[in-house]
Amino acid sequence: MSAILLAVDGPQAGEWLALLRERARGREVRLWPDHIGNASDIAYACVWLPPHGLLARFPNLKAIINLGAGVDRLLTDAALPAVPIARVAHPDLTMRMTEYVVLHVLMHHRRQRTYDAQQRERVWRVNPQPAASEVAVGIMGLGVIGLAAASAVGRLGFKVAGWSRTPRNSPGLETFHGTAGLDAFLARSEILVCLLPRTPQTEGLLNLALLRKLKRDGAAGGAFLINAARGQLQVEADILAALDEGSLAGATLDVFAEEPLPATSPLWSHPKVTITPHNAGDIAPRAFADNVIAQIERFECGLPLDNVIDRGRGY
Ligand code: NDP
Ligand code: OXD
């Protein structure tokens, strides 16, 4: 029976291995880098951030299952085999990402960084607080995660709009799309949440010119950025410039062009920047391992994999 290769860069490799082996019903699961065995046995590769060139070593590879939502790193592998690539679009990951968006929208809305600073100084002062219904949140990316986040933030009462590549019709959500719709979307958004994939079209999108177009004179008291997508979408020097000139009042950044964020980055110590270590959402292996094996079994019966990406589109 054809074997599964597991190639996971990160601390979850051991947990994935144990779970996939338990569920694989006799099919071999081999672990990169030390236990690959005969390369021609490998038919399926379950991967997270595998090194470029690795997947080209398996002449009988039939499919790749990306153990995360974003496939940008895979797609920059010039030697990537031309087999279907499935990605994670699963309620466990969607809910984790939604929690992150809700947490950081509320953090900026409720001025938590100001209260943290006041606490350090033992200052007891109540600052003006608008209602959520007065504040406009803009979600870039209306995919699996963006739509769930928009719905959760909308249920808290915020004025929510979303922006996507192609037109999206979502009941109760104001929507914009494409380059033509971007300026109007930015002009009404005070808290901008980025949940876009990294593609050649989105790289560098979060730059100074874009940040200056956000609504600064609304109830939120300034414009805020939350990027939980990919670091390559943001121009870090431009975010610092926008914060320093006031076109941004605060930023939450989960992702960076270089990860881990170098200790020398001025973002670490900027008083208006909140940093998390690319942990907005990870799929829990225990939530997805059954699905991986079930997909492989269905694929072997001639059925398609779930959530196959479109290479031409880049996501
Ligand atoms: P989806 O593929 O479901 O959705 C992508 C959305 O982005 C779609 O609405 C799409 O538009 C839109 N989009 C793509 N390109 C453009 C463009 N050029 N202009 C405007 N809109 C565009 O992705 P998910 O919601 O599942 O995930 C989104 C991203 O979140 C992932 O690619 C990943 O990078 C990131 N992520 C980060 C995590 C973290 O821990 N920080 C964890 C999980 C995901 P359309 O609807 O028209 O196709
Ligand atoms: C993902 C991620 O894309 O964790 O799933 O960044």
Side-chain angles (χ1 to χ4, degrees), residues 8-12 16 46-50 65-76 85-101 103-104 138-152 161-170 173 175-186 189 192-206 210 225-234 252-257 259-261 274-285 287-288 306-315:
V8 169
D9 180 24
Q12 289 180 324
W16 277 116
C46 299
V47 300
W48 180 239
L49 309 179
I65 300 185
N66 184 59
L67 300 175
V71 289
D72 47 305
R73 255 287 290 277
L74 266 185
L75 294 185
T76 54
I85 301 173
R87 71 180 190 103
V88 174
H90 186 279
D92 175 77
L93 176 58
T94 303
M95 185 50 78
R96 290 164 192 263
M97 290 295 285
T98 302
E99 286 171 8
Y100 187 89
V101 172
L103 172 68
H104 289 274
I139 310 267
M140 302 183 97
L142 291 177
V144 176
I145 296 168
L147 281 175
S151 156
W163 181 69
S164 52
R165 191 176 57 84
T166 57
R168 283 266 164 164
N169 210 342
S170 184
L173 183 66
T175 55
F176 300 81
H177 68 274
T179 315
L182 182 57
D183 282 4
F185 165 75
L186 296 171
S189 297
L192 182 70
V193 181
C194 182
L195 294 168
L196 293 167
R198 172 190 171 199
T199 68
Q201 290 71 41
T202 61
E203 271 188 35
L205 188 65
L206 302 175
L210 178 143
L225 169 69
I226 299 170
N227 184 10
R230 283 292 182 268
Q232 290 80 1
L233 273 62
Q234 71 206 8
T252 292
L253 305 175
D254 182 55
V255 287
F256 303 89
E259 296 179 1
L261 180 65
T274 299
I275 288 176
T276 51
H278 196 148
N279 75 332
D282 270 329
I283 183 73
F288 196 60
D306 299 336
N307 304 304
V308 172
I309 64 123
D310 175 337
R311 289 189 190 218
R313 235 174 32 169
Y315 62 98

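Atoms within a ligand are numbered from 1 in the order they appear, just like the ligands themselves.
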Participant: Do any nitrogen or oxygen atoms of L93 come within less than 3.5 Å of a nitrogen or oxygen of ligand 1?
Facilitator: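 No - when backbone and side-chain N and O of L93 are compared with those of ligand 1, no distance drops under 3.5 Å.
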
Participant: Tell me which protein heavy atom sits closest to atom 6 (O) of ligand 2, plus the residue, atom name and distance to 0.1 Å.
Facilitator: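 Protein heavy atom at minimum distance: H278 NE2, 2.6 Å.
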
Participant: What residue and heavy atom of the protein are closest to atom 28 (C) of ligand 1, and at what distance?
Facilitator: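 Its nearest protein heavy-atom neighbour is L195 O, 3.3 Å.
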
Participant: Please work out, at 4.0 Å between heavy atoms, whether the side chain, the backbone, both, or neither of H177 comes within that distance of ligand 1.
Facilitator: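 None of H177 does.
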
Participant: Output yes when a side-chain donor or acceptor of N227 lies under 3.5 Å from a complementary backbone atom of R230, and no otherwise.
Facilitator: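 Yes, the answer is positive, given that a donor and an acceptor are paired below the 3.5 Å cut-off.
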
Participant: For ligand 1, indicate whether the residue Q201 contacts it via side chain, backbone, both or neither (heavy-atom separation under 4.0 Å).
Facilitator: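 Looking at Q201 and ligand 1, just side chain atoms fall under 4.0 Å.
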
Participant: Between ligand 1 and R198, is the shortest N or O to N or O distance under 3.5 Å?
Facilitator: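 No, there is no polar N/O contact under 3.5 Å.
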
Participant: Between M140 and ligand 1, which residue portion shows a heavy-atom distance shorter than 4.0 Å: side chain, backbone, both, or neither?
Facilitator: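 No part of M140 comes within reach of ligand 1.
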
Participant: Out of all atoms in ligand 1, which are within 4.0 Å of some heavy atom of W163? Include the element for each.
Facilitator: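 In order of numbering, the contacting atoms are 19 (N), 20 (C).
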
Participant: Should D72 be counted as touching ligand 1, given the test is an N or O pair under 3.5 Å?
Facilitator: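 No; the residue has no nitrogen or oxygen that sits under 3.5 Å from a nitrogen or oxygen of the ligand.
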
Participant: Just need the protein heavy atom nearest to atom 4 (O) of ligand 2, so name the residue and atom and give the distance.
Facilitator: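 Looking only at protein heavy atoms, the one closest to atom 4 (O) of ligand 2 is G281 O, 3.2 Å.
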
Participant: Return the closest protein heavy atom for atom 5 (O) of ligand 2 as residue, atom name and distance.
Facilitator: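 For this ligand atom, the closest protein heavy atom is A69 N, 2.7 Å.
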
Participant: At a 4.0 Å threshold, what atoms of ligand 1 neighbour a non-hydrogen atom of G141?
Facilitator: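 With G141 as reference, the close atoms of ligand 1 come out as 6 (C), 7 (O), 9 (O).
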
Participant: Given that the side chain starts at C-beta and the backbone is N, CA, C, O, which of these parts of A229 lies under 4.0 Å from ligand 1, counting heavy atoms, or is it both or neither?
Facilitator: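 Looking at A229 and ligand 1, just backbone atoms fall under 4.0 Å.
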
Participant: Give the contacting part of V255 toward ligand 1: side chain, backbone, both or neither, where contact means a heavy-atom distance below 4.0 Å.
Facilitator: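 Side chain only.
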
Participant: Mind checking whether I145 has an N or O less than 3.5 Å away from an N or O of ligand 1?
Facilitator: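 Yes; at least one N/O pair falls below 3.5 Å.
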
